[in-house]
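Every chain is numbered from 1 and lettered A, B, ... according to where its sequence line falls, protein lines coming before strand lines. Reckoned from all heavy atoms, side chains included, excluding hydrogens, waters and symmetry mates.
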Amino acid sequence: MTTNLSEQEQLRRQKLIDLQNAGVQAYPAEEFSVNVTAHDIKENYERDKLNYKDISIAGRLMSIRDMGKACFAVIQDSTGRIQLYIRKDDICPNPEDTKLYDLVWKKLMDIGDIIGVKGYVFTTKMGEISIHVTSFTLLSKALKPLPIVKTDADGNSFDEVTDPEFRYRQRYVDLIINPKVKKTFEQRTKIITSIRNFLNDSGALEVDTPVLQAIPGGAAARPFITHHNALDIPLYLRIANELYLKRLIVGGFDWVYEFSRNFRNEGMDRTHNPEFTVLEFYVAYKDYFWMMNTTEKLLEKIANDLHGTTDVVVGDKTISFAAPFKRITIYDAIKEYTGIDVSTMNEAELRDVCKKLHLEIDESMGKAKLIDTIFGEKCEGNFIQPTFITDYPVEMSPLTKKHRSKEGLVERFELMINGKEIANAYSELNDPIDQRERFEDQIKLMERGDDEAMFIDYDFLRALEYGMPPTAGIGFGIDRLCMLLTNQPSIQDVLLFPQMRPEKKAEEVNAD
RNA sequence: GAUUCCGUAGCUCAGCAGGUAGAGCAUUACACUUUUAAUGUAAGGGUCCUGGGUUCGAAUCCCAGCGGGAUCACCA
């Protein structure tokens, strides 16, 4: 086993033994009470010096600069970093007994160890607010060396760990050594809190609905399948929670929402992870126009809560989340970017258009899919500023109410930002007869080989037959929204633990 | 799933007309009681992703596998 360890790892295990021999516990059980944070000190010390004469703080050792009979070190707590100044004379007042400084501190402490210190705050000659340490306590010994990232006065990083595999597999290390990464995840939580506050303040009720479903409904996607032993039935991990939230609208709640972890057994790339988060909410007695207005208000608030402004930098662009957003029908969008009016075309005419535009199509594609292809290839990427695309063909929206005045269309919108779909919403279909026919159309698609067509959920139909009020519903891709608002190009950078292939055999991991 | 690039010390990387490995930081030792990418001197550390092949000889060339990134396809 020892043969697997690097030189530095072996050394640290030896230090563990040396600590024990010196009577120092490497993993003490006692509480170490803390009365200040690094951020607090840096923020408030200058104007309230008296308050920082007797402080106690804990954190991870990030660097040590040994000056002989004194050392400078830096610890990092959950709020940031602060410098320590440790003098031999202070730690070991008795010159006869210098073990604590010369042995425990200078020989047995390492970068990565977690320590607690007591002392007082002062400012060094170089002007850095620091802690003059009067005593220290080892709280946890680190056995693996921490990658060292140094930063100079101008903020330039050296030896920054950028290897994506390292960062995603050992996110705990990434979080320790890359403060920007930690900030991104704090921002993610802020975004979700902002949304939750908006909804709760509006009188919405947060609910939990099943993740394990006998019929994976509410979306067109390939599900993960599992098996329940006691019931001896197959169960699916949910691909959406839509049908359950609408059951709750039937049940008499007027506004329900859920942050739903959804699972789809499909490809992975920069914008797809097998499990991802969608916020869905449903509001009784509203329609999709109301939902557009509400979406504008919500996004404007999120941007303000997070950045203090509605202008957000994403890559080399600036996106304005200030309401109102542009609204355009999908037919007008196609006309704008191709010059072709497809609104009255039949399937054969649409096929000719696709050929003229050099789009790849196949025989199985129906009218709606052809329109979707034209939009996806020729229009979608152009909508950088938030834009509502409205009034989709009925064939691709089996859960959406037919348009109040436009034949063949439904009352649906998608919100496009930075060329990507961020939200999908509609006036919900609440006519149980119509809904049953739409499901049956899906079954026909399934029989023609569409492996993503929806199953019929008979219990959902039964619920609709009891009567569902007219309802507006929406789903937001939370991960993608976070990518936008935190300016991260990959979904892996807004997921703490993105899905990865197993890195090696379990026994080898255990041997570490 | 397809194409393409990558995998060398704890970390970041160099080494590739094929001659069994180097740098900086980190580590170890010594010096230094307000330094800050601290500094100075010295030292240790590597199944060069794995397995085959070509060759007198492979980190370097070829093939396969594993892992990762990017692009494409499917999708949110």
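- For the segment residues 93-107 of chain A, the set of residues with a heavy atom within less than 4.0 Å of an atom of RNA chain B comprises A:Lys107, in numerical order.
- Classification of A:Arg261 and A:Glu275 as a salt-bridged pair holds, one side-chain N sitting under 4.0 Å from a carboxylate O.
- Between A:Trp105 and A:Phe136, the ring planes lie perpendicular to each other; the angle is over 60°, past the 30° to 60° tilted range.
- Under the ring-ring contact (aromatic ring centres under 6.0 Å, His included) criterion, A:Phe460 pairs with no residue at all, not counting sequence neighbours.
- For the pair A:Val256 and A:Phe281, the minimum side-chain heavy-atom distance is 4.5 Å or more.
- Looking at A:Thr390 and A:Arg327, their side chains never bring a donor and an acceptor atom within 3.5 Å of each other.
- With C1' as the reference atom, B:U3 and B:G44 are 45 Å apart, rounded to whole Å.
- Under 3.5 Å, the side chain of A:Asp269 and the base of B:C72 form no donor-acceptor pair of N or O atoms.
- Here A:Arg222 does not reach the OP1 or OP2 of B:C74: none of its side-chain N or O atoms lies under 4.0 Å away.
- Between A:Ser63 and A:Arg12, the residue anchored nearer the 5' end of RNA chain B, judged by the nucleotide with its closest heavy atom, is A:Arg12.
- With both pairing distances under 3.5 Å, B:A64 is matched to B:U50 as a Watson-Crick or G-U wobble pair.
- Between A:Arg501 and B:C66, a side-chain N or O to OP1/OP2 separation shorter than 4.0 Å is absent.
- Checking B:A38, B:U35, B:G69 against every side-chain atom of A:Gln83, the shortest atom distance belongs to B:U35.
- Residue A:Asn273 contributes atom CG, which lies 13 Å from atom P of B:G68 at whole-angstrom precision.
- At a threshold of 4.0 angstrom between heavy atoms, the contacts of A:Asn424 with the nucleic acid are absent.
- One C1' atom belongs to B:G15, the other to B:U4, and the distance between them is 24 Å to the nearest Å.
- Summarising the geometry, the separation between CG on A:Leu5 and P on B:U27 is reported as 18 Å, rounded to the nearest angstrom.
- Rounded to the nearest Å, the gap between the P atom of B:U27 and that of B:U71 is 38 Å.
- Under the Watson-Crick or G-U wobble criterion, with both distances below 3.5 Å, B:G57 is left unpaired in every strand shown.
- One finds no side-chain N or O of A:Arg270 lying less than 4.0 angstrom from the OP1 or OP2 phosphate oxygen of B:A70.
- Side-chain proximity of A:Asp110 to B:U28, B:G68, B:C32: nearest is B:U28.
- Between B:A26 and B:G40, the two P atoms lie 11 Å apart (nearest whole Å).
- Contact annotation for A:Asp90: no contact, since no heavy-atom pair falls under 4.0 Å across all strands.
- Aromatic pair A:Tyr288/A:Tyr426: centroids not less than 6.0 angstrom apart.
- For B:C30, the paired nucleotide is B:G40, the pair qualifying as Watson-Crick or G-U wobble because both relevant distances are below 3.5 Å.
- To the nearest whole angstrom, the two C1' atoms, one in B:A9 and one in B:C49, are 15 Å apart.
- Panel note: side chain A:Ser135, backbone A:Val133; no donor-acceptor pair is recorded below 3.5 Å.
- For A:Lys15, whose side chain is taken as the heavy atoms from C-beta onward, the closest listed nucleotide among B:G67, B:A38, B:U27 is B:U27.
- Using a 4.0 Å cut-off on heavy atoms, the residues of residues 483-496 of chain A that approach RNA chain B are A:Gln492, listed by number.
- A donor-acceptor pair is defined here as one N or O able to donate and one able to accept, closer than 3.5 Å; no such pair exists between the side chain of A:Asp479 and the backbone of A:Phe276.
- Judged by distance alone, with hydrogens and angles left aside, the side-chain atoms of A:Asn382 form a donor-acceptor pair with the main-chain N or O of A:Cys379 at under 3.5 Å.
- Figure legend. B:A2 is base-paired to B:U71; pairs are counted as Watson-Crick or G-U wobble with both atom distances under 3.5 Å.
- No donor-acceptor pair under 3.5 Å is formed between the side chain of A:Thr123 and the backbone N or O of A:Gly127.
- Taking atom CZ of A:Arg65 as the reference point, atom P of B:C25 lies 15 Å away to the nearest angstrom.
- Sorted by first and then second residue, the ring pair (Phe, Tyr, Trp, His ring centres under 6.0 Å) pairs with a member in residues 366-393 of chain A read A:Phe325-A:Phe388, A:Tyr337-A:Phe383, A:Phe388-A:Phe413; sequence neighbours excluded.
- Pairing partner, B:U12: B:A23, with both Watson-Crick or wobble hydrogen-bond distances short of 3.5 Å.
- Rounded to an integer number of Å, the gap from CD1 of A:Ile111 to P of B:A26 is 7 Å.
- Listed in residue order, the members of residues 118-132 of chain A having a heavy atom less than 4.0 Å from RNA chain B are A:Phe122, A:Thr124, A:Lys125, A:Met126, A:Glu128.
- If you measure from atom CD of A:Gln14 to atom P of B:U27, you get 17 Å, rounded to the nearest angstrom.
- Here, B:A2 and B:C56 have their P atoms 37 Å apart, quoted to the whole Å.
- Rounded to whole Å, atom C1' of B:C72 lies 11 Å from atom CD of A:Glu377.
- Stacking here means ring centres nearer than 5.5 Å and ring planes tilted less than 30 degrees, and by that measure A:Phe158 stacks onto B:A37.
- Nearest heavy-atom pair across A:Gln76 and A:Ile176 is NE2-O, 2.9 Å.
- With hydrogens and angles ignored, the 3.5 Å screen pairs no side-chain donor or acceptor of A:Tyr85 with any backbone N or O of A:Ser130.
- Between A:Glu242 and A:Lys246 there is a salt bridge, since at least one side-chain N of the basic residue sits less than 4.0 Å from a carboxylate O of the acidic one.
- Closest to the A:Leu11 side chain, of the nucleotides B:U27, B:C32, B:A26, is B:U27.
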Treat primed atoms plus P, OP1 and OP2 as sugar-phosphate and everything else as base, then score nucleotides 4-16 of chain B 5' to 3': B for base contact with protein heavy atoms under 4.0 Å, S for sugar-phosphate contact only, - for none.
------BSS----
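- Atom pair A:Leu61:CG and B:U27:C1' shows a separation of 15 Å (rounding to whole Å applied).
- Summarising the geometry, the separation between CG on A:Asn156 and P on B:U36 is reported as 17 Å, rounded to the nearest angstrom.
- Checking A:Arg412 against A:Thr400 by side-chain atom types alone, no donor-acceptor pair falls below 3.5 Å.
- A:Lys317 NZ: more than 12 foreign heavy atoms inside a 6.0 Å radius.
- If you take atom C1' in B:G45 and the same atom in B:A23, they sit 14 Å apart, rounded to whole Å.
- Distance from the side chain of A:Glu165 is smallest to B:G67 among B:A37, B:G67, B:C74.
- A salt bridge is defined here as a Lys NZ or Arg NE, NH1 or NH2 lying under 4.0 Å from an Asp or Glu carboxylate O, and A:Asp102 with A:Lys88 meets this definition.
- Rounded to a whole angstrom, the distance from the C1' atom of B:G68 to that of B:U50 is 15 Å.
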